[in-house]
There are 2 protein chains.
Amino acid sequence: MENNEKISTESKILAAAEQVFLRSGYDGSRMQEIADLAGINKALLHYYFRSKDALFEKIFEDKFSQFFPRLQEELNHATSFAEKVCLYAELHIGLLIKNPYLPHFVINTLQKNPDFAQKIPTEVLMQVLQTYYTDLEAQKVRELNPVQFMMSVMSMCVFPFLSKPLFCKAINLSDKDFELLMQARIEEVKRYIKVLLEPIG
Amino acid sequence: MENNEKISTESKILAAAEQVFLRSGYDGSRMQEIADLAGINKALLHYYFRSKDALFEKIFEDKFSQFFPRLQEELNHATSFAEKVCLYAELHIGLLIKNPYLPHFVINTLQKNPDFAQKIPTEVLMQVLQTYYTDLEAQKVRELNPVQFMMSVMSMCVFPFLSKPLFCKAINLSDKDFELLMQARIEEVKRYIKVLLEPIG
DNA sequence: GGCAAAATTAACCATTTGGTTAAACTAATT
DNA sequence: AATTAGTTTAACCAAATGGTTAATTTTGCC
């Protein structure tokens with residue numbers, strides 16, 4: 001009944017590095033800290049991954065090679081713009097509830113090194129925007145600025161996770177309260193989307 | 001006609017420290033970098049402000065001792081909840097256009113050291129929320145969850161500045177384009193607020 | 001068992017970095 | 001001019017940190 005699977009050193013390093021880098025960012029992370037968390041010698045980090053830079057890059061790329069392709073595929077299940085945006089909100093908030101440090105990690109990295117933006121596949125956004133114009137012609141949506149609109153929806157999904165420390169203090173919420181608020185937020189954002197997109201008349 | 005005002009060393013340090021800390025955060029900033037930017041010897045930093053910690057704390061506190069009291073006062077000019085929220089959006093986005101690094105600075109600092117949240121006066125938020133309930137009784141607003149609503153409005157105001165590097169790359173915007181988008185965003189957010197709050201009937 | 005290759009470690013190194021010290025310079029005071 | 005207090009600097013220090021090396025242990029293979 002016991003689990004004797006041996007965990008490879010490489011995956012132990014990756015798990016530890018992910019945890020440390022996501023919490024503390026590049027500058028705030030120490031190689032020693034990662035080694036300790038992985039339960040290995042610091043030199044092994046350099047044996048498997050050449051440098052701190054290389055290890056960081058690996059973690060960064062891994063985090064996006066998983067989610068974005070799946071998001072893109074899932075969004076194909078929705079046909080109209082409104083449906084696509086709703087589904088996007090649901091999937092994105094769902095991901096962030098499981099990975100609450102992700103937004104800060106991305107923002108932080110891109111602020112220091114904007115070149116990393118190229119590692120994030122953002123074509124999905126363009127594709128969703130495209131559906132707006134077809135829907136508009138078919139008069140299935142109210143006329144609005146779709147760029148501003150998408151920016152708003154993304155903001156509503158992501159920002160709460162970034163402002164959690166401040167927000168929880170301001171209105172006195174526990175961690176559990178916050179997670180429940182985020183669960184409820186999925187429906188909240190969807191409701192907003194529907195109100196804002198519904199065709200007039 | 002020339003300006004011979006001597007700029008005090010202390011204010012030169014503060015200006016330099018603000019610039020460096022806001023761009024790079026605590027971990028990413030070097031005391032030497034601040035000294036260079038201020039055009040002085042590094043030891044002078046410690047002569048005027050004891051340590052990196054002390055200097056950082058000073059900068060952090062200064063940034064909020066200006067804006068929040070003024071915001072609170074300005075918001076008194078608005079009476080209804082809808083007006084207050086609209087004015088808040090206008091003032092906040094206006095501030096951020098002038099201080100685009102501020103959101104990242106705050107988020108970054110609070111992620112690493114949540115205790116700093118106590119240095120940010122958040123009572124304004126509670127006061128605005130209070131107006132919602134009085135307006136609801138007078139049937140001047142649609143019934144909704146005001147916490148989620150405020151979270152959405154704040155998100156729409158702040159998040160674009162955080163995601164600028166990614167967003168500009170995704171839809172291929174220049175810095176100037178982005179600033180124009182943010183200018184237009186004030187009216188955009190106001191429009192959303194009105195649509196979402198307008199009483200039914 | 002013996003051996004070579006891979007994995008792992010302890011000890012070390014060079015650089016960076018926040019911080020200190022003692023000396024030098026400046027400006028006001030007498 | 002001499003004295004003194006405040007300001008500024010060059011040189012230095014200790015700790016932290018990313019990275020390396022050479023030796024040791026483990027593993028797979030004959």
Side-chain angles (χ1 to χ4, degrees), chain A residues 3-63 105 108-109 111-113 115-116 119, chain B residues 3-63 105 108-109 111-113 115-116 119:
Chain A
N3 189 348
N4 270 333
E5 279 174 46
K6 191 187 162 226
I7 301 163
S8 79
T9 304
E10 188 171 336
S11 60
K12 273 195 293 185
I13 293 177
L14 287 175
E18 179 177 322
Q19 197 176 323
V20 173
F21 278 139
L22 256 80
R23 251 180 213 270
S24 312
Y26 182 88
D27 287 328
S29 299
R30 304 285 149 248
M31 292 297 266
Q32 188 61 58
E33 195 185 346
I34 296 173
D36 290 347
L37 189 62
I40 55 157
N41 185 288
K42 188 178 57 139
L44 255 194
L45 294 183
H46 293 89
Y47 178 76
Y48 280 91
F49 307 89
R50 276 203 332 283
S51 61
K52 186 183 183 184
D53 280 21
L55 179 56
F56 183 83
E57 225 165 294
K58 172 84 169 121
I59 298 294
F60 192 89
E61 282 166 3
D62 279 7
K63 281 314 269 184
F105 176 67
N108 205 25
T109 305
Q111 165 79 7
K112 198 199 167 195
N113 191 348
D115 291 344
F116 272 64
K119 296 181 189 297
Chain B
N3 189 348
N4 269 334
E5 280 174 44
K6 190 187 162 225
I7 300 163
S8 79
T9 304
E10 189 171 336
S11 60
K12 273 195 293 184
I13 293 178
L14 287 175
E18 178 176 323
Q19 197 176 321
V20 173
F21 278 139
L22 254 80
R23 253 180 211 271
S24 311
Y26 182 88
D27 287 328
S29 299
R30 303 285 149 251
M31 292 297 266
Q32 188 62 58
E33 196 185 346
I34 296 173
D36 289 347
L37 189 61
I40 55 156
N41 184 289
K42 188 178 58 142
L44 256 193
L45 294 183
H46 293 89
Y47 178 75
Y48 280 90
F49 306 89
R50 276 201 333 282
S51 61
K52 187 182 183 183
D53 280 22
L55 179 55
F56 183 83
E57 223 166 294
K58 173 83 169 117
I59 298 293
F60 192 89
E61 283 166 3
D62 279 7
K63 281 313 270 185
F105 176 67
N108 205 24
T109 304
Q111 165 79 8
K112 198 198 166 196
N113 192 346
D115 292 344
F116 271 65
K119 296 182 190 295

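So you know, we letter chains A, B, ... as the sequences are listed, proteins then strands, and number each from 1. Values below: every heavy atom of this structure, side chains too, minus hydrogens, waters and symmetry copies.
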Given atom [atom1] of [X] and atom [atom2] of [N], what is their separation to the nearest angstrom?
{"X": "B:Lys42", "N": "C:dT16", "atom1": "NZ", "atom2": "P", "value": "13 Å"}
{"X": "A:Asp53", "N": "D:dG19", "atom1": "CG", "atom2": "P", "value": "7 Å"}
{"X": "A:Gln32", "N": "C:dT9", "atom1": "CD", "atom2": "P", "value": "12 Å"}
{"X": "A:Tyr47", "N": "D:dT24", "atom1": "OH", "atom2": "P", "value": "18 Å"}
{"X": "A:His46", "N": "C:dT8", "atom1": "NE2", "atom2": "C1'", "value": "15 Å"}
{"X": "B:Leu45", "N": "C:dT20", "atom1": "CG", "atom2": "C1'", "value": "14 Å"}
{"X": "A:Tyr26", "N": "D:dT17", "atom1": "OH", "atom2": "P", "value": "13 Å"}
{"X": "A:Leu44", "N": "D:dG19", "atom1": "CG", "atom2": "P", "value": "15 Å"}

Note to self: Just to be sure I understand the rule, does B:Ser29 reach a base, reach only the sugar-phosphate, or reach nothing, if contact means heavy atoms closer than 4.0 Å?
What the structure shows: sugar-phosphate
Note to self: Considering every strand and a 4.0 Å limit on heavy-atom distances, what is the contact class for A:Phe49: base, sugar-phosphate, or nothing?
What the structure shows: nothing
Taking only side-chain nitrogens and oxygens of [X], does any of them come within less than 4.0 Å of OP1 or OP2 of [N]?
{"X": "B:Tyr48", "N": "D:dT8", "result": "yes"}
{"X": "A:Thr9", "N": "C:dA7", "result": "no"}
{"X": "A:Arg30", "N": "D:dA16", "result": "no"}

Notebook entry, point to check: Between B:Phe105 and B:Phe21, is the ring centre distance below 6.0 Å?
Noted result: no
Checklist line | Pair A:Phe49 and A:Phe56, ring centroids less than 6.0 Å apart | finding: no
Out of [options], which has the shortest distance to the side chain of [X]?
{"X": "A:Ala43", "options": "D:dT21, C:dT20, D:dG18", "value": "D:dT21"}
{"X": "B:Met31", "options": "D:dT9, C:dT8, C:dG18", "value": "C:dG18"}
{"X": "A:Ile40", "options": "D:dA10, D:dG19, C:dT9", "value": "C:dT9"}

Margin query: Could you check whether the side chain of B:Lys52 and the base of C:dG19 have a donor-acceptor pair of N or O atoms closer than 3.5 Å, going by distance alone?
Written below: no
Note to self: Please find the pair of heavy atoms, one from B:Ile34 and one from B:Ile13, that lie closest to each other, and give the distance.
What the structure shows: CG2-O, 4.3 Å
Checklist line | Heavy-atom pair with the smallest gap, counting every atom of B:Ala35 and B:Lys42 | finding: CB-CA, 3.7 Å
Notebook entry, point to check: Within 45° of the axis and under 6.0 Å from the centre of the six-membered ring of A:Tyr26, does NZ or CZ of A:Lys52 qualify?
Noted result: yes
